[in-house]
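The structure appears below as structure tokens.
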2 protein chains.
Amino acid sequence: MSRKPISLKDIAKELNVSISTVSRALKNHPDISVALTTKIQALAREREFSPNPLAMGLLKQQTRIIGVIVPNLVTFFYSSIISGIESVARENGYYVLITSSYESYIKEKECVENLLSSRVEGLIVCLSKETKDYSHFEKIINKEIPLVFFDRVCRTSEFSSVVIDNRDMAFQIIKHFYESGARRIAHIAGPQHLSIACERFEGYQAGLKNCKLKFDKNLVEFIDLTIDDAAKAANKLLSLPDSPDAIFSVNDMVAYVTMKEIKRKGLRIPEDVLLVGITDEFHATVVDPPLTSIMHPTFDIGRECASLFFAQIQSKEKTPPIQKVMKTKLIVRESSVRKDRTC
Amino acid sequence: MSRKPISLKDIAKELNVSISTVSRALKNHPDISVALTTKIQALAREREFSPNPLAMGLLKQQTRIIGVIVPNLVTFFYSSIISGIESVARENGYYVLITSSYESYIKEKECVENLLSSRVEGLIVCLSKETKDYSHFEKIINKEIPLVFFDRVCRTSEFSSVVIDNRDMAFQIIKHFYESGARRIAHIAGPQHLSIACERFEGYQAGLKNCKLKFDKNLVEFIDLTIDDAAKAANKLLSLPDSPDAIFSVNDMVAYVTMKEIKRKGLRIPEDVLLVGITDEFHATVVDPPLTSIMHPTFDIGRECASLFFAQIQSKEKTPPIQKVMKTKLIVRESSVRKDRTC
DNA sequence: TTTTGTTCCGCAAAGCTTTGTGCAAAGCTT
DNA sequence: AAGCTTTGCACAAAGCTTTGCGGAACAAAA
């Protein structure tokens with residue numbers, strides 16, 4: 001019908017009352033007579049009035065928008081976390097503005113700028129794999145804008161964050177490998193400036209010690225989280241004279257690439273090499289063999305991020321940063337359960 | 001430093017000039033002297049002034065926001081399309097508000113309502129699998145708001161849309177199966193009220209005819225696109241006395257489930273059954289055997305959607321709906337190439 | 001000195017909502 | 001009947017930006 005949405009003014013004019021009267025009537029303000037209130041509400045409903053969020057935002061100085069920065073949207077891990085964020089946001093009448101750093105430090109900085117100039121009320125961020133310098137988040141402290149990091153975090157003494165216990169997770173994986181009979185456990189590790197990669201590597205070492213296995217630096221490959229890099233690393237490990245009997249890949253993508261390389265070498269999983277992935281998703285069940293994997297509560301991580309955001313928004317005083325550690329779970333499938341080598 | 005972002009007013013006050021002068025100076029308006037312009041611009045830069053998008057939106061009556069509704073965000077297909085939409089939006093200074101219908105008709109209606117009351121400038125939508133009634137899009141016609149459908153479309157005579165040639169795609173798959181030696185080609189089909197599912201079924205039939213194969217209704221299972229449904233359908237087909245030697249699954253998820261069921265039955269791919277998926281993504285290469293798949297230009301589909309949106313926004317007259325058909329490509333991997341059965 | 005013309009900047013409105021304050025009329029008390 | 005309270009609504013400001021128009025100050029021309 002009407003090209004543009006109708007405003008209080010339109011209703012006021014039609015009913016020959018003032019704008020403020022309409023506004024109050026719609027909120028059932030006692031100042032307005034019942035008769036008039038009914039009439040106004042009826043017309044408002046008929047015309048499908050809804051308050052202009054721009055005007056509200058201008059008045060209240062709030063946009064009701066949360067900015068999110070992920071390294072990559074096209075991924076089960078991030079998209080399901082976003083889904084979790086979005087669900088809490090929606091419950092609170094907020095919207096989510098999603099941007100992607102494409103794993104680039106430069107783009108991440110741009111995203112921060114853009115989101116801030118869009119007047120988002122807060123940020124939920126997972127760092128790009130390149131990010132080593134965190135100064136672009138400093139102005140956020142000054143502006144007292146809520147900021148929550150997840151997964152790849154930094155400056156946890158200043159900002160709230162949602163993480164998993166990477167150290168313990170890696171520890172459990174190694175233990176599981178050991179119990180499955182593995183003795184030469186390799187690790188394809190991520191860049192060590194990334195908190196998660198670093199913690200997983202630490203957990204790997206601690207896990208070895210716990211199993212009384214000696215740390216062998218030849219069994220660790222540090223990669224840049226690209227497919228090519230992962231393939232090269234897997235190959236290098238598998239070509240070792242004394243090659244590993246289990247591989248702990250730093251994330252799921254790397255695990256799948258590793259799986260592919262193991263098969264390409266003519267080796268069998270789990271007979272020759274055990275394998276475990278991280279981030280349990282649908283595809284872990286369809287690969288062959290089904291991939292043992294650490295289940296991340298991705299949706300809940302997202303919800304937790306949003307909750308921490310709202311906690312900060314709602315309390316007017318500066319809240320101390322909170323670190324939330326989420327539980328993961330080892331889902332054992334065939335890829336890590338040793339069968340007899342001769343079978 | 002400052003808790004709230006600074007405005008023209010702040011700069012004006014600091015420099016003892018009027019707000020309008022500041023506004024003009026920042027745009028290099030000739031009315032303002034060079035000296036004053038320089039001074040104002042310097043201060044604005046120092047204070048990191050950026051115009052308040054809410055105020056601009058209110059003035060210009062535009063939010064620079066595109067609303068997107070997808071059935072499910074947590075999916076390679078949709079998230080990469082969104083990525084494409086976002087890239088074009090960003091180039092044009094627009095933002096994308098993403099909502100998910102979770103494949104529910106009710107939620108889809110809510111999303112439309114919410115986005116409209118958020119004053120998005122247009123919508124880009126992929127229908128939920130439940131949606132058979134399209135009346136919730138009617139008010140969008142009345143309001144003359146740009147609306148672009150993709151993949152699962154409707155009312156193509158009224159709205160622009162971006163699709164792939166599903167009919168031809170299915171046709172090519174059947175042809176490929178036939179050339180690989182398959183003679184009893186089954187189809188796990190989607191709900192027939194969905195344009196894509198329907199077209200694929202048509203293409204399947206046409207493909208059979210083209211190969212001079214007889215249509216056998218026992219070889220077709222219509223499912224509701226759930227994992228359970230898919231597994232049941234696959235099982236039913238594989239339990240047929242004269243079971244199929246090739247299966248065309250309506251989408252990727254169904255293909256993976258089918259693959260799993262085939263293996264569970266002790267059958268081999270491709271020796272006993274050929275299989276083809278749709279939507280080529282990373283995981284197609286890591287399953288065993290690698291899955292032959294139809295590559296969708298997902299990122300470009302997203303970009304095309306956004307382009308159609310901007311075409312409508314920019315032309316003031318009502319533009320006739322455009323249907324854009326994107327090219328797909330059959331990527332042949334091992335799952336569909338017949339080996340000798342005896343091997 | 002008065003008129004004409006520049007140059008440079010301020011005023012105000014519009015876009016929409018909320019809310020404190022003001023004001024008129026009606027109802028009440030004494 | 002005069003004064004007080006209550007009821008019911010309107011006015012205006014604030015939040016921020018853009019832009020048409022008006023106007024002051026000054027220089028040059030008549």
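Convention: sequence-line order gives letters A, B, ...; per-chain numbering from 1.
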Distance check, rounded to the nearest 0.5 Å: [X] atom [atom1] versus [Y] atom [atom2]?
X      : Y      : atom1 : atom2 : value
B/L123 : B/E121 : CG    : CD    : 11.5 Å
A/Y78  : A/S100 : OH    : OG    : 9.5 Å
B/N114 : B/K109 : CG    : NZ    : 13.0 Å
A/Y102 : A/E130 : OH    : CD    : 14.5 Å

Look only at the side chain of [X] and the backbone of [Y], and say whether a donor-acceptor pair between them is shorter than 3.5 Å.
X      : Y      : value
A/S195 : A/V153 : yes
A/S23  : A/I19  : no
B/H29  : B/T21  : no

Check the phosphate of [N] against [X], side-chain N and O only, distance under 4.0 Å to OP1 or OP2. Yes or no?
X     : N      : result
A/K9  : C/dG15 : yes
A/S18 : D/dA10 : yes
A/S33 : D/dC9  : yes

5' precedence on DNA chain D between B/D10 and A/T37 (nearest-nucleotide basis)
A/T37
Over all strands shown, is [X] touching base, sugar-phosphate only, or nothing at heavy-atom distances under 4.0 angstrom?
X     : result
A/S20 : base
B/L36 : sugar-phosphate
B/K60 : nothing

Select one nucleotide: of [options], the one nearest the side-chain heavy atoms of [X].
X     : options                : result
A/L58 : D/dC16, C/dT19, D/dT17 : D/dC16
A/S23 : D/dA10, D/dT17, C/dT18 : C/dT18
B/Q61 : C/dG15, C/dT18, C/dT19 : C/dG15
A/V17 : C/dG10, D/dT18, D/dA10 : D/dA10
B/D31 : D/dG15, D/dC9, C/dC9   : C/dC9
A/S7  : C/dT17, D/dG20, D/dT17 : C/dT17
A/N52 : D/dT18, C/dT17, D/dC9  : C/dT17
B/A55 : D/dC16, C/dG20, D/dT18 : D/dC16

In whole angstroms, how far is the [atom2] atom of [N] from the [atom1] atom of [X]?
X     : N      : atom1 : atom2 : answer
A/Q62 : C/dT17 : CD    : P     : 16 Å
B/I11 : D/dC16 : CD1   : P     : 12 Å
A/I19 : C/dG15 : CD1   : C1'   : 11 Å
A/I40 : D/dG8  : CD1   : P     : 13 Å
B/K4  : D/dA14 : NZ    : C1'   : 11 Å
A/M56 : C/dG15 : CE    : C1'   : 15 Å
B/K13 : D/dT17 : NZ    : P     : 13 Å
B/N28 : D/dT19 : CG    : C1'   : 16 Å

Looking at B/L147, B/I124, B/V88, B/V148, which one forms a side chain to side chain contact (heavy atoms under 4.5 Å, CB included) with B/L308?
B/V148
So what does the secondary structure string of DNA chain C come out as, 5' to 3', with Watson-Crick or wobble pairs under 3.5 angstrom, [ ] for crossing and | for pairs with another strand?
||||||||||||||||||||||||||||||
Hey, is the side chain of A/R24 pairing donor to acceptor with the base of D/dG8 inside 3.5 Å?
no
Is there a side-chain contact between A/Y95 and B/I65, using heavy atoms and a 4.5 Å cut-off?
no
